[in-house]
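Take a look at the structure set out below.
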Amino acid sequence: MADLQAPRGMSDVLPEDEPLWRFVRDTAERVARSFDYRLINTPIVEDVRVFSRTSGDESDIVSKEMYVFEDRGGGELALRPEGTAAVCRAYIEHGMGSRPQPVRLYYFGPMFRYDRPQAGRYRQLWQFGVECIGDPSPAADAEIIELQYTLFRELGLDDLTLSINSIGTAETRRTYVDVLRRHLEPHLEGLSQDSQRRFGTNVLRILDSKEDAGHPALQSAPSILDYLTDEDAQHFEAVRSLLDASGVPYEVAPRIVRGLDYYARTVWEFEPPAAEGSDSGQQGTVSAGGRYDGLMELLGGPPTPGTGTAMGVERTVLNLRARGIEAPSAAPVDVVTIPLGGQGPAAALRLAQSLRAAGLTVRAGIPGRSLRAQLRGADAAGARYAAILGDDEAARGVVQLKHLARDGEQREVAVGDAAGVVGSE
RNA sequence: GUGGGUGUCGCCUAGCGGUCUAAGGCGCCAGGUUGUGGCCCUGGAGAGCGGGGGUUCAAAUCCCCUCACCCACCCCA
């Protein structure tokens, strides 16, 4: 094995992987644009405060998963762990608040988290995300969810389940956390160690516990939905009826919470159906998002509502592969040139130029190899035609066009006619 | 961060203490005509067994450490 390898948890996307990636990316961009979302590219590094202020210093992302480094000017930079905060920073920086609201944006790029890698979890992960900024209404939430839903359908992932919840606003959450604490406290002894730890750090997470899922204390736990303010409840109700209207199936899951502090009200996740057998792939969430009113203020901007979602590209590709879904096949090689002799190479170069100019895909043959070897190579490449050019052809301004894809019939045509012949089939 | 598993040519795999200066398949390169493919045949290049250290007369084969990957937990996309 080579002594130099890609950094832990980071991997190469090889040419053979690329068609599926391109399928995901192209489909994502097409769907986003069809909802009138526009691309925004932000740097992959940001001032660390973009994330520490917004994700919450206590969050795992900030406390232990960020790649932070000092640049030569002494500033603290971070490899971005997620996209939303960076997009919001750009929104503020470029005064997008004075554009027609809401501003609809999408991004596609790598994120970095210093996690322990495992199936579906990487230190460099790609996300496709959409953000609808400047609209507090339930319609924006429903639009984002519908967009994501549409994208999964277009990709052929039609068995993902959508879970939605409302976690209210900061105050309702505080109230609910107190209630939940009081409810769980008497049962603490009987809960798992993880849950006991989370009782101190993040009570809401206990609801998500796999270990304690069947515990009576959890089954009887109060639902956050019962603690929503009237406004929160109305908002959630409206999101639901809009989803109903657009035919997006979902289930309400009062137990889902999100990892980042800036979420408010609507939150959601798309997950593949629980795998048969037992313990496969707990890294299931393919896409997740929520409303983040309040985030802008954490970044020093004016109060601005927003909602968005992010999809894990690797996990999406994993799900496509698991279902045997393949990317539309790439364009084949139209012609492989086969230069022979002393004059062939130059003639082949000129021919290749003119064929490419005509929009054809041409692989240059390698001078010096035998005709036999070159034809074998052309065949292996799956080329439709081989264009043989030796001294004789070069002198006469012709080329031997051999139709590999068929029976190998070969005919001599003038160099100038080659593009027409190849292009006509 | 915690626990478990794996690690032999580019890929897949055999070997599991001496017959291994490591074998096979795929792929790659070349040849089987002087300028003709796909099948087939022949030959060739390519690893010293993830790395390091031990044990032993002898290690790919045993032990330890380390690295990487995989799986689970935590957390998350």
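Quantities reported herein were computed from a predicted structural model and do not represent experimental measurements. Lettering follows sequence order; numbering is per chain, from 1.
- Considering only side-chain N and O atoms, A/Ser370 lies under 4.0 angstrom from the phosphate OP1 or OP2 of B/rG31.
- Straight-line distance from the CD atom of A/Gln127 to the P atom of B/rA77: 7 Å, rounded to whole Å.
- Comparing B/rU36, B/rA77, B/rG35 by their nearest atom to the side chain of A/Asp392 picks out B/rG35.
- No donor-acceptor contact under 3.5 angstrom links the side chains of A/Ser166 and A/Asp232, judged on distance only.
- With B/rG38, B/rC74, B/rU36 as the candidates, the nucleotide lying closest to the side chain of A/Ile388 is B/rU36.
- When the shell of 6.0 Å around CZ of A/Arg356 is examined, it contains more than 12 heavy atoms from other residues, nucleotides or ligands.
- Residue side chain A/Arg121 does not reach the base of B/rA77 through any donor-acceptor N/O pair under 3.5 Å, judged by distance alone.
- Among the heavy atoms of the strands lying under 4.0 Å from A/Gly9 are primed sugar atoms or P, OP1, OP2 only; no base atom is included.
- B/rC28 atom P lies 13 Å from atom CD1 of A/Ile366, rounded to whole Å.
- For the pair A/Ala373 and A/Gln410, nearest-nucleotide mapping onto RNA chain B gives the more 5' position to A/Ala373.
- The same atom, P, is picked in B/rC28 and in B/rG10; the two are 15 Å apart, to the nearest Å.
- Look at the P atom in both B/rA22 and B/rC9: the space between them is 14 Å, to the nearest Å.
- Applying the 90° criterion around 0 to the glycosidic angle, B/rG24 comes out anti.
- Using N1 to N3 plus N6-O4 or O6-N4 for Watson-Crick, or N1-O2 and O6-N3 for G-U wobble, each under 3.5 Å, B/rG48 pairs with nothing.
- Counting distance only, with no hydrogens placed and no angle test, the side-chain atoms of A/Arg376 and the base atoms of B/rG38 include no donor-acceptor pair under 3.5 Å.
- Scored by the ring pair (Phe, Tyr, Trp, His ring centres under 6.0 Å) test, A/Tyr385 finds A/His403 as partners (sequence neighbours excluded).
- Nucleotide B/rC29 is matched to B/rG43 when pairs are restricted to Watson-Crick or G-U wobble geometry with both distances under 3.5 angstrom.
- To the nearest whole angstrom, the two P atoms, one in B/rG27 and one in B/rU34, are 25 Å apart.
- Residue A/Leu375 has its side chain nearest to B/rU36 when only B/rG3, B/rG32, B/rU36 are considered.
- Distance, A/Met311 CE to B/rA77 P: 14 Å, rounded to whole Å.
- Put simply, CG on A/Leu371 is 11 Å from P on B/rG38, counting in whole angstrom units.
- For A/Arg116, the side-chain atoms get nearest to B/rG4 when compared with the rest of B/rG4, B/rG35, B/rA77.
- Using Watson-Crick or G-U wobble geometry with both donor-acceptor distances under 3.5 Å, B/rU36 finds no partner in any strand shown.
- By the 30° and 60° cut-offs, the orientation of the rings of A/Phe108 relative to A/Phe128 is tilted.
- Paired with A/Leu340 under the rule side-chain contact (heavy atoms from CB on, under 4.5 Å), one option of A/Ile388, A/Leu389, A/Asp391 passes, and it is A/Ile388.
- As judged by a 4.0 angstrom heavy-atom cut-off over every strand, A/Arg123 is placed among residues making no nucleic acid contact.
- For B/rC69, the OP1/OP2 oxygens have a side-chain nitrogen or oxygen of A/Arg8 closer than 4.0 Å.
- B/rC74 and B/rC16 have their P atoms separated by 41 Å, with the value rounded to a whole Å.
- Counting only heavy atoms from C-beta on, A/Lys402 has its side chain closest to B/rU36 among B/rC71, B/rU36, B/rC69.
- If you check B/rC75, B/rG35, B/rG32 against the side chain of A/Arg372, the one that comes closest is B/rG32.
- If you take atom P in B/rC20 and the same atom in B/rG35, they sit 43 Å apart, rounded to whole Å.
- Listed nucleotides: B/rA77, B/rA72, B/rG31. Nearest to the side chain of A/Ala119: B/rA72.
- For A/Tyr106 and A/Tyr37, the gap between ring centers reaches or exceeds 6.0 Å.
- Using the Watson-Crick or G-U wobble rule with both distances under 3.5 Å, B/rC69 pairs with B/rG5.
- Residue contacts for A/Asn319: at a heavy-atom cut-off of 4.0 Å it reaches no nucleic acid atom on any strand shown.
- Between the side chains of A/Gln400 and A/Glu393, at least one donor-acceptor pair of N or O atoms lies under 3.5 Å.
- In this structure, the CG atom of A/Asp12 is 14 Å from the C1' atom of B/rA68, given to the nearest Å.
- Taking atom C1' on both B/rG1 and B/rC11, the two are 34 Å apart, rounded to the nearest angstrom.
- Closest approach to the A/Thr285 side chain among B/rA77, B/rG37, B/rG35 is made by B/rA77 (side chain taken as heavy atoms from C-beta onward).
- The side chain of A/Ala288 lies closest to B/rA77 when the candidates are B/rC70, B/rC75, B/rA77.
- Within the shown strands, B/rU13 is the pairing partner of B/rA23 under the Watson-Crick or G-U definition, both distances less than 3.5 Å.
- With B/rG35, B/rC75, B/rA77 as the candidates, the nucleotide lying closest to the side chain of A/Glu393 is B/rG35.
- In this structure, CZ of A/Arg113 is placed 6 Å from C1' of B/rA77, rounded to the nearest angstrom.
- Across the P atoms, B/rG48 and B/rG4 are found 31 Å apart, a figure rounded to whole Å.
- Whole-Å rounding puts the A/Met10 CE to B/rC67 C1' distance at 16 Å.
- If you take atom C1' in B/rC67 and the same atom in B/rC12, they sit 23 Å apart, rounded to whole Å.
- No side-chain donor-acceptor contact under 3.5 Å links A/Thr361 to the backbone of A/Asp334.
- Within 4.0 Å of A/Glu269, counting heavy atoms only, lies no atom of the nucleic acid at all.
- Across all non-hydrogen atoms, the minimal contact from A/Glu65 to A/Asp115 is OE2-OD1, 3.1 Å.
- Look at A/Gln118 and you'll find a side-chain N or O under 4.0 angstrom from OP1 or OP2 of B/rA72.
- The distance between atom CD of A/Glu412 and atom C1' of B/rG35, rounded to the nearest whole Å, is 13 Å.
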